[in-house]
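Because the structure is predicted, anything quoted here is derived from the model rather than measured. So that the names make sense, note that chain A is the first sequence line, chain B the second, and so on, each numbered from 1.
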Number of protein chains: 2
Amino acid sequence: MVVYAGQGDPRRSIELLWRGTVAEKRSGPKPGLSVDSIVDAGIAVADEQGMAFSMRAVGERLGRTAMALYTYVPGKNELVDLMYDRTMAELPTSYSLDDGWRPAVTQWAHDMWECYSRHPWVLQVSQARPVLGPHEFAVIEALAAILVSTGLPGRELRGIVGAINYFVRGAAQTVAEARAAGGATGEADEEWWYARSAVLLEIEPDLEKKFPMLHVLENDREPATSDLADPELPYLENDAVENFRSGLRVLLDGVEGAVAKP
Amino acid sequence: MVVYAGQGDPRRSIELLWRGTVAEKRSGPKPGLSVDSIVDAGIAVADEQGMAFSMRAVGERLGRTAMALYTYVPGKNELVDLMYDRTMAELPTSYSLDDGWRPAVTQWAHDMWECYSRHPWVLQVSQARPVLGPHEFAVIEALAAILVSTGLPGRELRGIVGAINYFVRGAAQTVAEARAAGGATGEADEEWWYARSAVLLEIEPDLEKKFPMLHVLENDREPATSDLADPELPYLENDAVENFRSGLRVLLDGVEGAVAKP
DNA sequence: CGAGGTTACTTTACGTCGTAAGGAGTCGCA
DNA sequence: TGCGACTCCTTACGACGTAAAGTAACCTCG
């Protein structure tokens, strides 16, 4: 299930996102939980089990039943929105422009990438219906602030912001989801991949002849240990990081071109 | 639920993807269905209801129960894989290079975009664990074939292929998922958006002051009816198309820069 | 032609999910 | 002291994917 952001009452969710818990106690027993604690628990559970976490699991982590959560949060969708926005709060809200826009954007992209790596489930939250939380705004504001300094018109910047955003998300997905799925089935990513391609080659032996250009792409490899490679990480992951770096470079070259032109 | 590609027996799914139905009949009643018909029905249902379609719905469309499908297909994950690959078959497998690589890539991106628009659920199929079907290969092969003609080394092209792919997917998602979600709740995208931003402005009146750079981005609009705008489409969608065009332009400028450089 | 095995499809059922409904206990305030 | 508001629980419903077992159609072999 892909969670579409905020299908419930818009006012309720947006208030939760922007105002936090409004603590005006009247009567009744003391709340043992809080929206914050539930969001934290939700993030912890989702980090472990992915986006298919259950309300029951979140409740259990807090020593409550699933239904207890509904006192604080209207439903799972809204909880996911809150978790999403909380996660975005991990990211810096501004970047130094001392060295120009390019290092700043690069840093933004890497921070984003790492945040996605820590919380892969975030990548499953629908893009199309933005959560519209304060921290999500802040993250995009940070990127926008960097890019506005190029002097490009907003018309052009919108496409660029989108492109950078999509690129980082997509690239992170390639790594992060693989890890998550591996965890879910207990199957490591590498093994999954090798099992797959072995079967594929067995069934379709002349694969390379059928798709020669893919073969060209795959085969021009760096020496196994480039100075950038992290020996801690599995091969596939270093590969993905390398593609991330070079893809981002090209994308930013394009931006640079736009800046240089009239 | 995000559907991870092929968590079942790898051999079985890959055989289904590459060999199709192996028709060697022996005995027993005549099959009333086929893998093909099930995949078609699945696509039709998913086009209507999104990725959260149910096996029961697919069965019903074929006049069968959900369990009847399991005679032909190992499970829902595998069915989604097949649906995904079938969808990719709608796309061209090669592009003319007569006018150079750039118009070809642009065409590829637009074809991809339109395919995603027709079948928004495709965007929910996990990127990380590629389906590894023949038509998915063919689509990437087509893009690779175009880009190899630039003469760039494979090392660099991998990042570029990724960047273009991610960009198109992300941009399509922004439009397509919005439409799909609107359909699911019976709420049109425009209305959803306006309701949301109205509440947001009510709760957070000085939003523009808190995020001034986003304001800059949003406000440099073209005149409402540019020659590219499609009056049939809602405003938000034309906007997204415009951002798609300009983002792609910047990205390809970057590629051009890489081609020009040593 | 008839028996037996194979196959297509159905019925039933299990365990999961999100969450609606209603009740039990706890506290602040009249 | 009691009322109303509040938290949290139990129970239950209808969805989901799919396992297990049953029924009936059909081919092949005697």
Whole-Å distance, Leu33(B) CG to dC9(C) C1', equals 9 Å
Tyr72(A) OH to dC9(D) C1', in whole Å, measures 13 Å
Checking Tyr72(A) against Ser37(A): is there a side-chain donor and acceptor pair closer than 3.5 Å? no
Whole-Å distance, Arg64(B) CZ to dT18(D) C1', equals 19 Å
Between CZ of Phe53(A) and C1' of dT16(C) the distance, given in whole Å, is 15 Å
Practice prompt. Answer with yes or no after comparing the ring centroid distance for His110(A) and Phe244(A) against a 6.0 Å cut-off, counting only values under it.
Written response: yes
The nucleotide from dC27(D), dC6(D), dT7(C) with an atom nearest the side chain of Lys30(B) is dC27(D)
To the nearest angstrom, the CD-P distance between Glu60(B) and dC16(D) comes to 10 Å
Check for me whether the distance between the ring centres of Phe167(A) and Phe167(B) falls short of 6.0 Å. no
Report all interatomic pairs (protein N or O, nucleotide N or O of nucleotides 19-21 of chain C) with separations under 3.5 Å.
| residue | atom | partner | partner atom | Å |
| --- | --- | --- | --- | --- |
| dT19(C) | OP2 | Tyr70(A) | OH | 2.6 |
| dT19(C) | OP2 | Lys76(A) | N | 2.9 |
| dT19(C) | O5' | Tyr70(A) | OH | 3.3 |
| dT19(C) | O4 | Arg56(A) | NH2 | 3.0 |

Open item on the list: Side chains of Glu90(B) and His119(B) only: does a donor on one sit below 3.5 Å from an acceptor on the other?
Closed with: yes
Margin query: Tell me if the centroids of the rings in Tyr166(B) and Tyr166(A) come within less than 6.0 Å of each other.
Written below: no
**Asked** Within the structure, does a side-chain N or O atom of Thr71(B) lie under 4.0 Å from either OP1 or OP2 of dC9(C)?
**Response** no
Q. Is the cationic atom of Lys76(A) (NZ for Lys, CZ for Arg) positioned less than 6.0 Å from the six-membered ring centroid of Tyr70(A) and within 45 degrees of its normal?
A. no
Notebook entry, point to check: Any side-chain N or O of Ser27(A) less than 4.0 Å from the OP1 or OP2 oxygen of dC29(C)?
Noted result: no
Sugar-phosphate only, base, or nothing, as touched by Ala68(B) at under 4.0 Å among non-hydrogen atoms: base
